[in-house]
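Note sheet for the following structure.
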Amino acid sequence: MHRLHRLLPFLTWLPRQSGRSLRQDLLVGLSGAILALPQSIAYALIAGLPAEYGLFAAIVPVLIACLWGSSWHLICGPTAAISIVLYASVSPLAVPGSADYVTLVLLLTFIAGIFQLLLGLLRFGALVNFVSHSVVLGFTLGAAIVIALGQLPNLLGMDLPSQATALKTVQDLASHAGEVDLPSLMLGLATVLIGVGFKLWRPRWPSLLISLILVSLLAWLLPGFFGHVPRVPAFTGQLPPLSPLPLLDLELMLRLLPTAVAVGMLGLVTSLSIARSLSSRSEQLIDADQEIRAQGLSNIVGAWFSGYLSSGSFTRSGLSYDAGARSPMAGVFSALWVAVFAVAGAGLIAHLPIPAMAGSILLICWGLVDHRGIRALFRVSRSEFLVMALTAAATLLLELQTAIYAGVLASLFFYLKRTSRPRVQQSREGQADVLRVGGSIFFGAAHYLQVRLQRCQGPHVVIDARQVNFIDYSGVDMLHREARRLRRAGGSLTLQRARPQVVEELQKLEGVKLCPIRFEE
């Protein structure tokens, strides 16, 4: 049974569902689907895909992630940040919206899913911790700005090619400032104002959907003024179709691999951050490795059913928790409701004006920015705030997947800088200098500690090692050399209250009898 539950984890909670909990989850799923409809379409347009692919990404991947994941409230689907990375990465290889472009996006999704699944199978759940929260904050801030700038031509009624960076988009907008279409601008601004108004007046209502419906009605009722404004391209209502992938094109897969790894890591960090945040409120235990496996499996299977890369959604997961979801069935029902709308509502979606969709995307971008988190980061840690700012700047100036790597490297730099100078308190007790070391003795900190040891006045040095959790070969070699130096000067090096694993590592180098270091309890 344990192996079966590991293979099919939904068997652990599905038999415990009651009619009452299923009815509650059915209603919560309907609310989630109403929120997902405009978001998924908007995200597909951001990714350079036809509108229906946003709906496809909110069906099969969501079903798989909910059934195989460990969180009861995490809801996955297409997201704005991942959509903009996909567009920036794949648009140089094919024309956005074309059949070749769709195939490349789905292939990238498949590769990213394999990468995620491998991490989960190898139990590398802790690996995503290397992408710090400050990197996610900075990337999300930068991506929100990039997305908003990219939608301004649609909002202003301009027919401009999409640019790879925010700077080029601003330059393009400035050079075409006289081509603003007033009716398009009116529809876009109306969408923003109505959405903000409903958000303030009725926060729990689906403000995005309401604003899109009202603005679309306005454009439909006044064809003489708004008739020329472009609409979302029509598509045939259908369930997600099978999409065979060119898996044998090794050269193409290698070309997409760096982006797949970057966007796969981003999706995992986002999903686990949301899952952990909700678990702290619901007091539910989260299995990080199982969650990673579920994310990978959802993207692998989703790619074969026309669903592009998905990850945890802040808004939909928060709605699921706040609306009182009883189990992952809320997400399953949400995906099924979206499938119903994808089949039955395709004709209505084709009436949505493109400027209105651009206005709704601007609202989404504003909601992406974690204003409270950024202010808290500035108060708590200036170095982490700097990492966030550097990541945001890299997002604006570089390709988005490169910005993720830049943020990770900045985080590791500050971490190594901080750990390479462990806290050392020095005092004089009798004939010995006592150093209380608060941190691990590894290759990054070995030189700093060696300098502190050589600055001691007397020949006898005692290291209080009770807070030393780890020592590597560089640390062992340095302490042995310092112990021999002090012995030649007629002194000694003594470790007090060292942990057994630290003592064992120090005695491995030359054996217990020849170890030049003394040990005391």
Side-chain angles (χ1 to χ4, degrees), residues 31-32 35 39 42-43 71 73-77 79-84 128-149 166 192-193 195-208 211 266-284 286 311-325 359-396 400 403-404 407-408 410-411 414-415:
S31 301
L35 176 64
Q39 280 190 345
Y43 295 153
S71 172
H73 301 104
L74 179 66
I75 308 295
C76 295
T79 65
I82 286 179
S83 297
I84 190 66
V128 297
N129 295 331
F130 283 98
V131 184
S132 67
H133 186 59
S134 55
V135 172
V136 176
L137 281 177
F139 177 80
T140 307
L141 172 61
I145 296 173
V146 171
I147 295 166
L149 290 174
V192 174
L193 294 175
V196 170
F198 272 98
K199 194 70 175 177
L200 296 174
W201 181 45
R202 289 288 187 269
R204 300 180 70 89
W205 288 16
S207 55
L208 275 181
S211 62
L266 176 65
L268 292 181
V269 171
T270 304
S271 300
L272 287 182
S273 298
I274 299 170
R276 287 170 178 169
S277 174
L278 294 176
S279 69
S280 64
R281 296 165 62 185
S282 64
E283 299 182 356
Q284 182 207 353
I286 299 296
S311 71
S313 166
F314 290 102
T315 51
R316 295 178 64 191
S317 301
L319 173 65
S320 177
Y321 177 82
D322 293 334
S360 69
I361 293 172
L362 292 183
L363 290 174
I364 292 171
C365 290
W366 179 256
L368 279 176
V369 181
D370 188 352
H371 306 86
R372 182 183 300 177
I374 293 173
R375 289 194 297 268
L377 194 65
F378 181 77
R379 290 194 302 268
V380 173
S381 173
R382 297 299 169 87
S383 63
E384 287 294 300
F385 183 83
L386 181 58
V387 170
M388 185 275 298
L390 289 173
T391 307
T395 305
L396 297 175
L400 291 183
I404 300 173
V408 172
S411 290
F414 282 106
Y415 171 76

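Given the structure is predicted, the values throughout are model-derived calculations rather than measurements.
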ask   = Hey, what do you get for NE2 (H371) to CG (L137), rounding to the nearest 0.5 Å?
value = 11.5 Å

message = Between S207 (side chain only) and F198 (backbone N and O only), is there a donor and an acceptor less than 3.5 Å apart?
response = no

note = In terms of heavy-atom contacts, R316 and C76 come closest through NH1-O, 3.2 Å

inquiry  = Distance check, rounded to the nearest 0.5 Å: L74 atom CG versus S317 atom OG?
reply    = 4.5 Å

query = Any side-chain heavy-atom pair from L266 and S311 closer than 4.5 angstrom?
reply = no

Student check: side-chain heavy atoms of H73 and I75 closer than 4.5 Å = no

message = Can you list everything that forms a side chain to side chain contact (heavy atoms under 4.5 Å, CB included) with L149? Sequence neighbours excluded, please.
response = I145, L152, A166, T169, V170

request  = Quick one: list whatever passes side-chain hydrogen bond (donor to acceptor under 3.5 Å, both in side chains) with T79, sequence neighbours left out.
outcome  = none

key: side-chain hydrogen bond (donor to acceptor under 3.5 Å, both in side chains) against S71, all qualifying residues, sequence neighbours excluded   = none

note = Closest heavy-atom pair, V192 versus L363, reported as atoms and distance to 0.1 Å, is O-CD2, 3.8 Å

Sequence neighbours left out, cut at 3.5 Å: what donor-acceptor pairs do the side chains of residues 374-392 make with other protein atoms?
unit_1, atom_1, unit_2, atom_2, d
S381, OG, S383, OG, 3.2
S381, OG, E384, N, 3.2
R382, NE, F378, O, 2.9
E384, OE1, S134, OG, 2.7
T391, OG1, V387, O, 2.8

